[in-house]
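Side chains are part of it too, since the values below use all heavy atoms of this structure and drop only hydrogens, waters and symmetry mates.
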Amino acid sequence: MFIPTLFVISLLAFIISIKAPGDPVEIMLGTNGPSGSSSGLQISAAQKDSVRAQLGIDRPVFYFSLSSLADCDTLYKIGSKSHRDVLDRLTHQYGNWQKVSDWYLGLNDLLSWQKQFNPDSLVAKYTVQKDSISFQQYDANTINEAHIQIQNGLSVLLETYHENTIVARLDSLERIYDEAVYFESGKEKMVRLKLLFHEMKNASGSWKLYVPVIHWHGWSNQYHHWLSKLFLEGDFGSSYVDHEPVAKKIWSKFFISFKLIFISVLLAYLISIPIGVYAARGKGGWGERATSLLLFMLYSLPSFFVGMVLLMLFSNPDVLVWFPEAGYMDPSHYDPEWPFWVRWRAEWPYMVLPLITYTYSSFAFISRIMRSSMLENLNQDYIRTARAKGLDENKVLWRHALRNSLLPVITIFVNIFPMAIGGSVIIETIFTYPGMGLGSYEAIHNYDYPTIVAIFTLSGFLTMVGYLVADILYAIADPRISYRK
């Protein structure tokens, strides 16, 4: 089950990564932010192609593709993601890829022709001499305005697939070309573009959309490239925010969160298991009822509320300043090269409040599970036999009943690894603790999809590791459990 599950997780993560909003090439180059805001930078096609090759998105998406007879199997070669989307929609709208391709080439041809003009050169061209005096037939502002209107109109046509919008834009462009005689040589291309649109519209091949076709793309595809880099190099790509390798950012945060959560879970188990055992032993007594009441009161308090109260009480100059209010070390004198124990002494004050906030709610949960499991085992025949042999009650509890009662508690342990990668967003945000929880929050807030996908992938993978560890612990706790067929 491990390999198929891993395959499904990787496939889901890959689908999320390629379906994320925005063009990764433009985001990486800084020409278009995740939110769609353009920075206005002009990037050459060669630079974009270089980034596409670096990201591996200049290849087919998967090993094979299932499409229709009307679709183009090499659409991935188009550099712009928005253009690919538009061409795909036009193909499904008119069912004739060849005519759609002709329309796209016609648009780019006219846009390239238009871009080569310099309004100043046209002003000079349309300047006439009359009685030794120069007269400009058209001023630079008029030519420049028409030039911009045409370029904007063509850019809109490259980004739209709505028929009404296309017709309106074509009519508008045609009027500009009719009025702007200085662009007279472009009229022929404009007429041809309009003809290409009508051919695309009228030469519909909708029936082709219902004929399925399977294309085999081989091993050189985006998924294979993504999977190879992930498992062979541990490469999750680069962050959209600072272009840093995602793996480098994640692992540093992971170990910070893992250390905090591991200590938290360890403390929770060390405290909750004895409470659960003694609660089962003293069932119905006043001590058990008082302990249960206290634990349930703690369990009912939201963690963000407890975190805020702890900050207010113990990191507040107006009350007590026992612990730092944020971070996980003092950057002014912290040295990562310090020995482990020196680093530990520098870090532990920052961990105390987050640890308490992480741990307190686990006491009631784990101890109640432990209590129920102990009560169930204390009523078993082997416990009655042990007591009948005259064994001390402590030996009956800790040697015989405890081991079998640990199985439900071990199940909870499964969550420790995914918790470490996902972290507690709320708690780490409250304490500005730079672990995975805070990292996840920042990645979502900044639309940093490579980081989000990496967190999702690692979380799924570590969940499986958690189950594997739990299976091993089951077998250790109860040797009767065997996974052999």
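In the model, Tyr94 has a side-chain atom that pairs as donor or acceptor with a side-chain atom of Glu163 under 3.5 Å. There is a side-chain donor-acceptor pair under 3.5 Å between Gln98 and Asp102. Of the N and O atoms on the side chains of Ser239 and Glu244, not one donor lies less than 3.5 Å from an acceptor on the other residue. For the 3.5 Å distance criterion, the side chains of Thr357 and Ser303 fail to qualify, holding no donor opposite an acceptor. With 3.5 Å as the limit, one finds a donor-acceptor pair spanning the side chains of Glu428 and Ser257. Ser67 and Ser65 share no side-chain donor-acceptor pair at under 3.5 Å.
Across every non-hydrogen atom of Leu110 and Lys189, the tightest pair is CD1-CB, 3.7 Å. Among all heavy-atom pairs drawn from Val453 and Trp226, the shortest one is CG1-CZ2, 4.2 Å. Nearest heavy-atom pair, Ile250 versus Ala454, reported as atom, atom and distance to 0.1 Å: CD1-CB, 3.2 Å. Pro24 approaches Tyr240 most closely through the heavy-atom pair CB-OH, 3.2 Å. Listed here is the closest heavy atom pair of Asn96 and Ala203: ND2-O, 2.9 Å. Here the closest non-hydrogen pair linking Val246 and Ser238 is CG2-C, 3.7 Å.
Taken to the nearest 0.5 Å, the CG atom of Leu355 stands 11.0 Å off from the NZ atom of Lys259. In this structure, the separation between CG on Leu158 and CG on Leu107 is 5.0 Å, given to the nearest 0.5 Å. Summarising the geometry, atom NZ belonging to Lys229 is positioned 9.0 Å from atom CG belonging to Leu55; distances are rounded to the nearest 0.5 Å. Between Thr451 atom OG1 and Met436 atom CE the span is 8.5 Å, to the nearest 0.5 Å. If you take OG on Ser440 and CD1 on Ile455, they are separated by 3.5 Å, rounding to the nearest 0.5 Å. Interatomic distance, NZ of Lys253 versus CG of Leu438, reported as 6.0 Å (0.5 Å rounding).
By the 4.5 Å heavy-atom criterion applied to side chains, Thr91 and Cys72 are not counted as neighbours. Tyr358 places none of its side-chain heavy atoms less than 4.5 Å from the side chain of Leu267. In this structure, Tyr76 and Asn221 have side chains that are not in contact, with every pair of non-hydrogen atoms separated by 4.5 Å or more. Side-chain contact between Leu173 and Leu157 is present, with at least one heavy-atom pair separated by less than 4.5 Å. Two residues are said to be in side-chain contact when any heavy atoms from C-beta on lie closer than 4.5 Å; Leu87 and Trp97 meet this criterion. Contact annotation: the side chain of Glu442 never approaches that of Asp448 to less than 4.5 Å [non-hydrogen atoms, C-beta and beyond]. Counting only heavy atoms from C-beta outward, the side chains of Leu295 and Ser367 approach each other to under 4.5 Å. In this structure, the side chains of Ser68 and Leu209 come closer than 4.5 Å at one or more pairs of heavy atoms.
With Phe304 as the fixed residue, the side chain to side chain contact (heavy atoms under 4.5 Å, CB included) test singles out one of Ile427, Ile426, Val309: Ile426.
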| Step by step, would you call Ile176 with Phe183 a side-chain contact (heavy atoms from CB on, under 4.5 Å)? | CA-CA 9 Å; Ile176 297 174; Phe183 292 137; 5.7 Å; no
| said: Walk me through whether Ile9 and Met464 qualify under side-chain contact (heavy atoms from CB on, under 4.5 Å). | reply: CA-CA 10 Å; Ile9 290 172; Met464 291 191 298; 4.0 Å; yes
| Arg368 vs Tyr299, side-chain contact (heavy atoms from CB on, under 4.5 Å): CA-CA, chis, key distance, verdict | CA-CA 11 Å; Arg368 296 306 289 182; Tyr299 188 65; over 6 Å; no
| query | Does the ring-ring contact (aromatic ring centres under 6.0 Å, His included) test come out yes or no for Tyr104 and His83, once each step is laid out? | reply | CA-CA 9 Å; Tyr104 182 66; His83 291 186; 5.8 Å; yes
| request: Would you sort out whether Leu105 and Ser101 count as a side-chain contact (heavy atoms from CB on, under 4.5 Å), showing the intermediate values? | output: CA-CA 6 Å; Leu105 292 175; Ser101 175; 4.0 Å; yes
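Of the possible donor and acceptor atoms, one in the side chain of Ser373 sits under 3.5 Å from a partner among the backbone N and O of Ser405. Distance alone, capped at 3.5 Å, places no donor-acceptor pair between the Ser272 side chain and the Tyr269 backbone. Without hydrogens or angle criteria, Ser112 side chain to Asn108 main chain gives a donor-acceptor distance under 3.5 Å. The backbone N or O of Phe14 lies less than 3.5 Å from a partner atom in the side chain of Ser17, making a donor-acceptor pair. No donor-acceptor pair under 3.5 Å is formed between the side chain of Asp73 and the backbone N or O of His215. Side chain of Arg84 to backbone of Gly79: a donor-acceptor contact under 3.5 angstrom is found. Within the 3.5 Å criterion, the main-chain N or O of Arg59 finds a donor-acceptor partner in the side chain of Gln222. Although no hydrogens or angles enter the test, the distance criterion places no donor-acceptor pair under 3.5 Å between the side chain of Ser172 and the main chain of Ala168.
Checked against the 6.0 Å centroid criterion, the rings of Phe62 and Tyr223 qualify as a close aromatic pair.
Ion pair Asp58/Lys77 not flagged as a salt bridge, since none of the NZ, NE, NH1 or NH2 atoms sits closer than 4.0 Å to an Asp/Glu carboxylate oxygen. Ion pair Glu174/Lys187 not flagged as a salt bridge, since none of the NZ, NE, NH1 or NH2 atoms sits closer than 4.0 Å to an Asp/Glu carboxylate oxygen.
Between His445 and Tyr441, the angle of the ring planes stays under 30°, which puts this pair in the parallel group of the 30/60° scheme.
With sequence neighbours excluded, the residues satisfying ring-ring contact (aromatic ring centres under 6.0 Å, His included) with Trp219 are Tyr63, His224. Applying the side-chain contact (heavy atoms from CB on, under 4.5 Å) rule to Asp88 yields the partners Asp71, Leu75, His92; only residues at least two apart in sequence or on another chain are considered.
The number of heavy atoms from other shown groups lying within 6.0 Å of CZ (Phe231) is above 12.
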